[in-house]
Amino acid sequence: MYGSKQIAPGRFREDIGRTYDDFEVGHVYEHRPGRTIGEADNTWFTLLTMNTHPLHFDAEFAAQSEFGRPLVNSCLTLAIVTGMSVSDVSQKAIANLGWSDIRLTAPVFVGDTIYAESEVTAKRPSKSRPNQGIVGVRTRGLKADGTVFMEFDRSILVPLTAD
């Protein structure tokens with residue numbers, strides 16, 4: 001998965017990612033490094049994406065909620081968790097085919113450090129693209145204490161072997 005390939009005598013190029021043949025149903029990839037969510041991350045992402053719910057950026061409003069403080073925008077955590085999985089799951093992808101069954105199971109707050117892991121749930125050769133395959137993974141976002149805060153299924157189209 002990780003490594004270098006020699007492209008000329010004494011010259012190497014980093015090669016990251018998996019092809020179809022590298023995936024095995026049941027394997028779990030722990031994605032590292034983790035990421036500690038900062039206040040600016042949450043505020044900027046929330047406002048950039050035009051999410052006007054004050055629970056994400058108004059500390060006084062959030063203090064009156066059941067959470068007592070601002071929640072990290074779940075679209076931000078989805079983006080970060082997906083990004084964490086790229087080098088293991090989709091670095092060599094031809095296309096993301098879709099996300100499904102996104103479940104938010106626990107709140108994430110500023111200051112939380114999050115991690116991710118993906119389990120290979122399915123794989124099959126593409127019926128319409130003879131040199132490509134479809135891989136399914138279930139990805140989980142976890143807090144540093146092990147609490148699962150998010151799960152989703154994702155399918156990707158990848159080449160059968162490295163070029």
Under 3.5 Å, is there a donor-acceptor pair between the side chain of T105 and the main chain of V148? yes
T36 side, atom OG1; I114 side, atom CD1 - distance, nearest 0.5 Å: 9.0 Å
Any heavy-atom pair between the side chains of I94 and P159 that's under 4.5 Å? yes
Under 3.5 Å, is there a donor-acceptor pair between the R154 and S100 side chains? no
Do L76 and I102 belong to the same hydrophobic cluster, where Ile, Leu, Val, Met, Phe, Trp and Tyr are linked whenever their side-chain heavy atoms lie under 4.5 Å apart, directly or via other members? yes
Contact summary for A93 and I156, nearest pair of heavy atoms: CB-CB, 4.5 Å
Only pairs at least two apart or in different chains count here, so list each side-chain hydrogen bond (donor to acceptor under 3.5 Å, both in side chains) that has a residue in residues 59-68. none
Say whether, by atom type as modelled, one donor and one acceptor occur between the side chain of R18 and the main chain of D88 under 3.5 angstrom. yes
Under the side chain to side chain contact (heavy atoms under 4.5 Å, CB included) criterion, do M84 and R35 qualify, and how do the steps go? CA-CA 9 Å; M84 288 176 166; R35 176 74 156 74; 3.5 Å; yes
When every non-hydrogen atom of G141 is compared with those of V81, the smallest separation belongs to CA-CG2, 4.0 Å
CH2/W44 to CD/E39 distance, rounded to the nearest 0.5 angstrom? 10.5 Å
Backbone of T46 reached by a side-chain donor or acceptor of T49 within 3.5 Å: yes
Value for OG (S118) from CD (E30), rounded to nearest 0.5 Å, stands at 10.5 Å
Compare all side-chain heavy atoms of I80 with those of I37 and state whether any distance is below 4.5 angstrom. yes
Grab the two heavy atoms, one from A59 and one from P70, that are nearest each other, plus how far apart they are. CA-CG, 4.0 Å
Closest non-hydrogen atoms of T147 and A106, given as atom of the first, atom of the second and distance, are CG2-CB, 3.8 Å
Sorted by first residue and then second, give each salt bridge (Lys or Arg N to Asp or Glu O under 4.0 Å) pair with at least one member in residues 133-149; sequence neighbours left out. D112-K143, E117-R140, E119-R140, R138-D153
In Å and rounded to the nearest 0.5 Å, what is the OG1 to CG distance from T52 to D58? 12.0 Å
Any side-chain heavy atom of Q132 sitting closer than 4.5 Å to one from V158? no
R11 atom CZ, neighbour heavy-atom count above 12 within 6.0 Å: no
Provide the closest heavy-atom pair for L160 versus P130 in the form atom of the first, atom of the second, distance. CD1-O, 3.4 Å
Single-linkage hydrophobic cluster, 4.5 Å side-chain cutoff, L104 and V72 together: yes
Could you name each residue pair satisfying salt bridge (Lys or Arg N to Asp or Glu O under 4.0 Å) that touches residues 98-108, not counting sequence neighbours? R103-E151
Can you tell if the side chain of Y115 reaches within under 4.5 Å of the side chain of R32, non-hydrogen atoms only? yes
Got L71 and H56 here, is their nearest side-chain heavy-atom distance under 4.5 Å? yes
Between T77 and F149, is the side chain to side chain contact (heavy atoms under 4.5 Å, CB included) condition met? List the steps. CA-CA 9 Å; T77 56; F149 65 86; 3.8 Å; yes
Show the numbers, then the answer: is there a side chain to side chain contact (heavy atoms under 4.5 Å, CB included) between W99 and T82? CA-CA 10 Å; W99 285 266; T82 299; 3.6 Å; yes
Is the ring pair H31/Y29 parallel, tilted or perpendicular, if the boundaries are 30 and 60 degrees? tilted
Quick one, F45 with C75, criterion side chain to side chain contact (heavy atoms under 4.5 Å, CB included). Give me CA distance, side-chain angles, the key distance, then yes/no. CA-CA 9 Å; F45 184 90; C75 291; 3.7 Å; yes
Any ion pair linking K123 and D22 (charged N to carboxylate O, less than 4.0 Å)? no
Rounded to the nearest 0.5 Å, what separation is found between the CD1 atom of I134 and the CZ atom of R129? 9.0 Å
Does the side chain of Y20 reach to within under 4.5 Å of the side chain of K92, using non-hydrogen atoms? no
Atom pair CG/OG1 of N131 and T19 - distance to nearest 0.5 Å: 12.0 Å
Same apolar cluster (I L V M F W Y, side chains within < 4.5 Å links), V137/V28: no
In this structure, which one of V135, T121, V120 forms a side chain to side chain contact (heavy atoms under 4.5 Å, CB included) with V25? V120
